[in-house]
Amino acid sequence: MKRYECPCGYIYDPAIGDPDNGIDAGTPFENLPEGWVCPKCGAAKEDFFPAD
């Protein structure tokens, strides 16, 4: 699964998920809820780009 990076530098890693915001490990970026935002800066999903 691909990792995605926010312009602020936060990297969403599907192997880790975003447990502080209810996203389980193993959740691909494409399957994140529509309203999910960067936990570091609040950027929207569409602002992210592939990190690998």
Side-chain angles (χ1 to χ4, degrees):
M1 286 186 279
K2 284 187 154 192
R3 300 181 322 146
Y4 282 79
E5 185 171 351
C6 180
C8 78
Y10 171 82
I11 294 179
Y12 176 77
D13 185 344
I16 298 169
D18 182 12
D20 292 340
N21 292 297
I23 306 298
D24 294 330
T27 303
F29 185 80
E30 297 80 9
N31 292 356
L32 291 172
E34 189 66 34
W36 182 86
V37 296
C38 175
K40 187 173 175 185
C41 76
K45 273 176 66 176
E46 55 264 14
D47 295 331
F48 281 67
F49 53 90
D52 308 314

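Here the structure is a predicted model, which is why all the values come from computation and not from measurement. Here, residue 1 is the first one in the sequence, and each next residue gets the next number.
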List, one per line, each side-chain donor-acceptor pair under 3.5 Å for residues 9-24, sequence neighbours excluded.
{"from": "Tyr12", "atom 1": "OH", "to": "Thr27", "atom 2": "O", "distance (Å)": "2.6"}
{"from": "Asp13", "atom 1": "OD1", "to": "Ala15", "atom 2": "N", "distance (Å)": "3.0"}
{"from": "Asp18", "atom 1": "OD1", "to": "Asn21", "atom 2": "ND2", "distance (Å)": "3.2"}
{"from": "Asp18", "atom 1": "OD2", "to": "Asn21", "atom 2": "ND2", "distance (Å)": "2.9"}
{"from": "Asp18", "atom 1": "OD2", "to": "Trp36", "atom 2": "NE1", "distance (Å)": "3.0"}

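- Through ILVMFWY side-chain contacts below 4.5 Å, Met1 is grouped with nothing and stands alone.
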Can I get a per-line list of side-chain donor-acceptor pairs under 3.5 Å for residues 38-51, giving both atom names and the distance, sequence neighbours left out?
{"from": "Lys45", "atom 1": "NZ", "to": "Leu32", "atom 2": "O", "distance (Å)": "3.0"}
{"from": "Asp47", "atom 1": "OD2", "to": "Ala44", "atom 2": "N", "distance (Å)": "3.4"}

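- Contacts of Glu30 classified as side-chain contact (heavy atoms from CB on, under 4.5 Å), with partners at least two apart in sequence or in another chain: Tyr4, Pro28.
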